[in-house]
Amino acid sequence: MTDHGHELTFGGFLTPAAGQPDRVVALARLCEQVGLDLVTFQDHPYQPGFLDTWTLMSYVAAATARVRMAGNVLNLPLRQPVVLARSVASLDLLTGGRVELGLGAGAFWDAIEAAGGRRLSPGAAVEALDEAIRVIRAVWDTDRRGMIRVDGEHYRVVGAKRGPAPAHPVGIWVGAYKPRMLRLVGRAADGWLPSLSYLPEGPDDLPALNALVDEGAAAAGRDPAAIRRMLNVTGTFARSSAGFLVGPPDQWVEELAGLTLEHGITTFILGSDEPRAIQIFGQEVAPAVRELVAAERAAPAAGGPSTLGVTPTPDPGYA
């Protein structure tokens with residue numbers, strides 16, 4: 001996998017716990033305060049222990065000034081595409097361009113069906129997501145004349161008006177792991193957003209999965225470099241190394257930079273509700289990863305040596 005040179009971005013992945021609404025808003029503010037670019041929330045509309053993700057995003061938008069927001073990822077089977085497209089565009093306009101669209105085909109089908117959604121087979125869920133992306137892009141495409149026409153098997157939108165257009169080109173980021181979904185990402189999405197914890201072999205799975213995204217892009221006549229590669233990550237900041245992303249911040253910097261340079265990952269989203277971890281990630285890890293990746297990208301042109309592979313020195317300041 002080639003490093004396509006995208007600008008690095010970093011974010012937080014917060015639990016929208018309904019029992020502690022003030023805490024999740026405070027953590028979102030903290031993400032902004034420590035310099036993170038994104039704050040994201042999981043979306044399970046059938047889960048009564050969670051705040052509604054779209055309502056939470058709207059509230060957080062008003063409580064922050066700079067950080068961007070996204071569902072990670074929004075549950076398509078319980079969110080109608082035309083309404084979702086207009087919701088995204090509306091919040092993007094209200095925030096001056098701070099909203100992105102993380103989108104998933106659906107999981108936990110018993111719960112989705114119990115909440116009034118349709119149960120879909122894996123293949124049908126991929127088809128529905130494909131159709132939904134076409135609907136969403138058609139709603140936003142106000143430069144095109146005529147009404148929307150997407151006469152799909154799962155979403156039939158014929159004669160709806162376009163608009164509003166969002167304030168900026170909103171990225172559609174899809175959570176995907178299986179071949180058909182990964183090819184769909186390459187064909188129709190702007191970003192691929194998996195979770196590292198869902199990859200059985202960890203980073204070793206990335207080359208094969210990236211290849212499927214590239215395959216989908218090539219089949220659609222797209223440049224694979226156009227698709228941003230993203231990753232939800234979890235780990236522990238510790239005094240000494242005890243595994244991948246378990247160790248001092250210097251180790252995290254080395255390992256995340258390696259994911260960028262070896263696998264093209266340019267957005268890292270930390271799954272943590274711990275304020276100290278968010279602070280370290282935003283204030284220490286993110287700037288250092290940017291600096292290291294910039295140096296590595298510049299090294300070939302300058303003929304300099306790589307700095308990757310240097311063993312980090314344990315820092316006694318981290319327990």
Side-chain angles (χ1 to χ4, degrees), residues 9-104 106 108 111-112 115-117 136 139-140 163-173 175 191 193 195 230 232 267-279 281-283 286:
T9 58
F10 297 82
F13 186 10
L14 306 179
T15 306
Q20 296 180 295
D22 293 342
R23 185 171 189 269
V24 67
V25 174
L27 290 174
R29 288 191 178 117
L30 177 63
C31 288
E32 179 170 79
Q33 291 164 5
V34 301
L36 292 178
D37 307 289
L38 296 163
V39 58
T40 71
F41 310 95
Q42 59 187 292
D43 182 42
H44 298 285
Y46 39 76
Q47 170 55 267
F50 287 167
L51 298 165
D52 172 67
T53 298
W54 195 258
T55 304
L56 174 60
M57 285 174 57
S58 300
Y59 191 94
V60 167
T64 56
R66 179 195 58 80
V67 73
R68 290 183 289 147
M69 288 149 287
N72 192 348
V73 288
L74 294 179
N75 186 291
L76 175 62
L78 292 174
R79 297 190 181 277
Q80 201 273 348
V82 170
V83 176
L84 178 58
R86 290 182 174 150
S87 297
V88 170
S90 297
L91 191 56
D92 198 56
L93 289 165
L94 289 166
T95 60
R98 293 197 288 132
V99 178
E100 310 294 347
L101 176 56
L103 198 57
F108 307 106
I112 290 170
I136 290 165
V139 171
W140 293 343
H168 86 294
V170 171
I172 298 179
W173 305 336
L193 179 53
S195 293
M230 317 172 76
N232 293 317
T267 295
F268 298 101
I269 304 176
L270 177 66
S272 177
D273 297 318
E274 294 299 323
R276 180 60 175 154
I278 293 169
Q279 182 179 11
F281 191 67
Q283 294 181 334

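Basis for what follows: all heavy atoms, side chains included, without hydrogens, waters or symmetry-related copies.
- Annotation: the span from Asn232 atom CG to Ile269 atom CD1 amounts to 5.0 Å, rounded to 0.5 Å.
- Within the 4.5 Å cutoff, the side chain of Asn75 has no heavy atoms near those of the Phe108 side chain.
- Side-chain atoms of Glu100 and Met69, non-hydrogen and from C-beta on, never get closer than 4.5 Å to each other.
- Under the side chain to side chain contact (heavy atoms under 4.5 Å, CB included) criterion, Ala28 pairs with Leu14, Val39, Phe41, Val60, not counting sequence neighbours.
- Closest non-hydrogen pair, Gly97 versus Ala167, comes out as N-CB, 3.8 Å.
- Residues Leu27 and Asp273 share a closest heavy-atom pair of CD1-O, 3.6 Å.
- In this structure, the side chain of Arg66 does not engage the main chain of Gln33 through any donor-acceptor pair within 3.5 Å.
- From Thr267, atom OG1 reaches atom CG of Leu38 across 6.5 Å, with rounding to the nearest 0.5 Å.
- For residues 11-34, no pair satisfies salt bridge (Lys or Arg N to Asp or Glu O under 4.0 Å), with sequence neighbours left out.
- Side-chain contact annotation: Thr9 with Arg68, donor-acceptor N/O pair under 3.5 Å absent.
- Side-chain atoms of Leu270 and Phe13, non-hydrogen and from C-beta on, never get closer than 4.5 Å to each other.
- When each of Thr53, Asp43, Thr40 is paired with Asn72, the side chain to side chain donor-acceptor pair (under 3.5 Å) condition holds for Thr40 and for no other.
- Applying the side chain to side chain contact (heavy atoms under 4.5 Å, CB included) test to Asp52 and every residue at least two apart in sequence or in another chain returns Trp54, Thr55, Arg79.
- Side-chain atoms of Trp140 come within 3.5 Å of backbone N or O of Ala85 as a donor-acceptor pair.
- Counting heavy atoms from C-beta outward, Val34 and Phe281 have side chains that stay 4.5 Å or more apart.
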Steps toward side chain to side chain donor-acceptor pair (under 3.5 Å) verdict (His168, Asp92): CA-CA 7 Å; His168 86 294; Asp92 198 56; 3.0 Å; yes

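- With a 6.0 Å radius and a threshold of 12 heavy atoms from other residues, nucleotides or ligands, Tyr59 has its OH atom at or below the threshold.
- The closest side-chain heavy-atom distance from Cys31 to Ile278 is below 4.5 Å.
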